[in-house]
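The next block holds one structure in the form of structure tokens; read it before the comments.
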Amino acid sequence: MSSPESWQTKRPTIRERTKFMLNNDLFSDVKFVVRKSDSEGETESKKMIPAHKFVLSIGSPVFEAMFYGELAETRDSIELPDCEYESLLELFRYLYSDEVNFSGSNVMGVLYLAKKYIVPSLVDKCTLYLQDHLQPDNVFNILKIAEKYEEKGLIDQCWAVIDNQSEEAVKSDGFTTIELSLLEAVVSRDTLAINEIDLFKAVDLWATKKCEKQGLEANGEVKRRVLDETVVKAIRFPVMELRDFSAVVLNSKILTLDEVTRLVQFFTSSLATEVGFPATSRTGVSTKQIGTWCRFGKFNFDGWHYGGLSDFLVFSVNKEISLHGLCLFGSDNNFYSVDLKIMNPVEMSTLVQKTGKFKSKVIYYAGSSYYGFEGNFDKPVRVKKNSKCEIEAKLSGPFSYRGLSGLGEVETSGVKFTFYDSTHLPFSNGTSVANGQFPQLLFSF
């Protein structure tokens, strides 16, 4: 490029004059040869960028060593096979003008060059651009780069997107190409906000793509092998709904016959037994815990006592849930011993049981509070849609609060609980739909 007449006088600042020298043959004393792909990325050619050693050296210690160090580069033309024309031009633009024009196609390359030539201010601009443009459909591609260059802030933001928009992230094309180590990190993560069946579908697709890439038949046995046991054992099959497990998981043939047998027994009998897979919902999934609902309209401390009889209550739900435990009334700073059961009243079988001694505390919910305690099961129990379950709690301890003005139905987060008096009511401690114990149930779905 030739020099126009009086170009300096038309650019009053040093920045403007230096910017004018970008990609300019004028006074150039070195040239860089890099590859350039066409717009479709199908063909490559080589392209030259003229540059100025002094300008590059005052912006990068690597260029300073390259051109003015003890082993200074003497060639007039330097070929760089590790970068694209567009990315190198943006690196130079920044060194010549403090400006940079990012795009989705060049920012990764610019970040690589900013790291290679030790330009930390440009590294910061790259990471800020990536943070601003971080989406579920590109998060795994960006996470790979962030981890490679140890950009902790960007790594943390990537994981936040994966946690909060898990379903969209694992359905992205980028998820199917991640390394096994990253797949293990994802499925082992407790904070994902995704239904387990959707996560399994994504993992199954990852395994299928991996088999195709390796030229292997994508059958259940081979997919199990490429997934590795760590991934398979991190899937929370017990929290799936039986119909999804039957229609999707069984058809994948990834699980062994023994695993399928134990899981089917778990689903069909609601047994809280060891099945070899995590049995609690991920915390990122819409999970109902203390703080949002109660089946009573008011409470009273009028000497609700325990004389050796059990309290009972029957309930059903309009969709399948995992019941993690429930809350019981107590009194200020007192201890209560409890034998707590969830039973199938038709089959007269115990689904889950918890025995222990608990200290009462203040439990807050939706702008109100009461004295009570949480009776959490060691493992959650699956409660099927429209199936009745009976709660039995045999308590011993001081007088406690009780609930009044009980509701026959409570709906929260799309789950409707319907409560019924137990057939044991005439011979029990007195809890009913209208009053007594069991203010809150702790569940996820």
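- A heavy-atom distance below 4.5 Å is not found between the side chains of Phe237 and Arg262.
- In summary, the aromatic rings of Phe335 and Phe358 are positioned with their centroids too far apart to meet the 6.0 Å limit.
- Considering OH of Tyr68 and CZ of Phe63, their distance stands at 12.0 Å, rounded to 0.5 Å.
- Taking CG of Leu26 as the start and NE2 of His52 as the end, the distance is 6.0 Å to the nearest 0.5 Å.
- A cation-pi arrangement, defined by a distance under 6.0 Å to the six-membered ring centre and an angle within 45 degrees of its axis, is present between Lys233 and Phe277.
- Contact between Phe175 and Val170 at its shortest, heavy atoms only, is CD2-O, 3.3 Å.
- Looking only at atom types and distance, the side chain of Ser349 has no donor-acceptor partner in the side chain of Asn344 under 3.5 Å away.
- At least one side-chain heavy atom of Cys389 sits less than 4.5 Å from a side-chain heavy atom of Leu351.
- Under the side chain to side chain donor-acceptor pair (under 3.5 Å) criterion, Tyr112 pairs with Asp82, not counting sequence neighbours.
- Side chains of Thr176 and Leu205 form a contact here, defined as non-hydrogen atoms less than 4.5 Å apart.
- For the residue pair Asp163 / Thr191, a side-chain donor-acceptor distance below 3.5 Å is found, with atom types taken as modelled.
- Paired with Tyr371 under the rule side-chain contact (heavy atoms from CB on, under 4.5 Å), one option of Val362, Ile363, Asn334 passes, and it is Val362.
- Annotation: Asp173, atom CG; neighbour count of heavy atoms from other residues, nucleotides and ligands within 6.0 Å does not exceed 12.
- Side-chain polar atoms of Asp258 and Thr256 form no donor-acceptor pair below 3.5 angstrom.
- Here CH2 of Trp7 is found 7.5 Å from CZ of Arg11. Values are rounded to the nearest 0.5 Å.
- Annotation: side chain of Ile49 is in contact with side chain of Tyr85 (closest heavy-atom distance under 4.5 Å).
- Here Glu229 pairs with Arg224 in a salt bridge; the nearest charged N to carboxylate O distance falls below 4.0 Å.
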message: Test side-chain hydrogen bond (donor to acceptor under 3.5 Å, both in side chains) on Ser360 and Tyr401; report intermediate values, then the result.
response: CA-CA 11 Å; Ser360 185; Tyr401 277 77; over 6 Å; no
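- Residues Pro50 and Met48 approach most closely at CD-O, 3.9 Å, considering heavy atoms.
- Side chains of Val338 and Thr355 form no contact here, defined as non-hydrogen atoms less than 4.5 Å apart.
- By the neighbour-count criterion of 12 heavy atoms within 6.0 Å, atom NZ of Lys53 is densely surrounded, having more than that number from other residues, nucleotides or ligands.
- Considering only heavy atoms from C-beta on, Phe200 stays 4.5 Å or farther from Glu196 through its side chain.
- Expressed to the nearest 0.5 Å, how far CZ of Arg295 lies from CZ of Phe417 amounts to 11.5 Å.
- Atom CZ of Phe54 sits in a sparse spot, with 12 or fewer heavy atoms from other residues, nucleotides or ligands closer than 6.0 Å.
- Annotation: side chain to side chain donor-acceptor pair (under 3.5 Å) contacts of Thr261 (sequence neighbours excluded): none.
- Atom CD of Gln214 is surrounded by more than 12 heavy atoms from other residues, nucleotides or ligands within 6.0 Å.
- None of Lys46, Lys36, Arg35 except one satisfies the salt bridge (Lys or Arg N to Asp or Glu O under 4.0 Å) rule with Glu84; the exception is Arg35.
- No hydrogens or angles considered: nothing links the side chains of Tyr149 and Thr127 as a donor-acceptor pair under 3.5 Å.
- A salt bridge links Lys223 to Asp204: at least one charged side-chain nitrogen sits closer than 4.0 Å to a carboxylate oxygen.
- Looking at Leu442 and Glu374, their side chains come closer than 4.5 Å, going by heavy atoms from C-beta outward.
- At a cut-off of 3.5 Å, with distance as the only test, a side-chain donor of Asn333 or Lys359 sits close to an acceptor on the other residue.
- For the salt bridge (charged side-chain N to carboxylate O under 4.0 Å, His left out) condition, the pairs that include at least one residue of residues 55-73, sequence neighbours left out, are Glu73-Arg75.
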Please tabulate, one pair per line, all N/O donor-acceptor pairs under 3.5 Å involving side-chain atoms of residues 132-147, not counting sequence neighbours.
residue	atom	partner	partner atom	Å
His133	ND1	Tyr129	O	2.8
Asn138	OD1	Gln135	N	2.8
Asn138	ND2	His133	O	3.0

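- Looking at Thr13 and Arg17, their side chains never come closer than 4.5 Å, going by heavy atoms from C-beta outward.
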message: Assess the residue pair Val249 and Leu263 against the criterion (side-chain contact (heavy atoms from CB on, under 4.5 Å)); give the C-alpha distance rounded to whole Å, side-chain angles, the decisive distance to 0.1 Å, and a yes or no.
response: CA-CA 11 Å; Val249 179; Leu263 284 164; over 6 Å; no
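- Atoms CE and CG, on Met108 and Leu130 in that order, are 5.5 Å from each other to the nearest 0.5 Å.
- Here the closest non-hydrogen pair linking Ser188 and Arg282 is C-NH1, 4.3 Å.
- Taken to the nearest 0.5 Å, the SG atom of Cys83 stands 6.0 Å off from the OH atom of Tyr117.
- In terms of the side chain to side chain donor-acceptor pair (under 3.5 Å) criterion, residue partners of Lys354 (sequence neighbours excluded) are, by chain and number, Asp378.
- Here the options are Arg15, Arg93, Lys125, the test is side-chain hydrogen bond (donor to acceptor under 3.5 Å, both in side chains), and the partner is Glu99; only Arg15 passes.
- For the pair Lys19 and Tyr96, the NZ or CZ position fails the cation-pi test of under 6.0 Å to the six-membered ring centre and within 45 degrees of the ring normal.
- Shortest non-hydrogen contact noted between Phe32 and Leu56 is CE1-CD1, 3.7 Å.
- Partner Val352 forms a side-chain contact (heavy atoms from CB on, under 4.5 Å) with one of Leu340, Ile342, Leu323 and no other, that one being Ile342.
- Atom CG of Leu71 sits in a sparse spot, with 12 or fewer heavy atoms from other residues, nucleotides or ligands closer than 6.0 Å.
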- request: Would you sort out whether Asp25 and Lys31 count as a side-chain contact (heavy atoms from CB on, under 4.5 Å), showing the intermediate values?
  value: CA-CA 9 Å; Asp25 280 319; Lys31 294 177 174 58; 4.0 Å; yes
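- Applying the salt bridge (Lys or Arg N to Asp or Glu O under 4.0 Å) rule to Lys298 yields no partners; only residues at least two apart in sequence or on another chain are considered.
- Other residues, nucleotides and ligands place no more than 12 heavy atoms under 6.0 Å from the CD atom of Glu150.
- Note: Phe299 and Phe329 have perpendicular aromatic rings, judged against thresholds of 30 and 60 degrees for the angle between ring planes.
- Closest of all the heavy-atom pairs between Pro238 and Phe267 is O-CE2, 3.7 Å.
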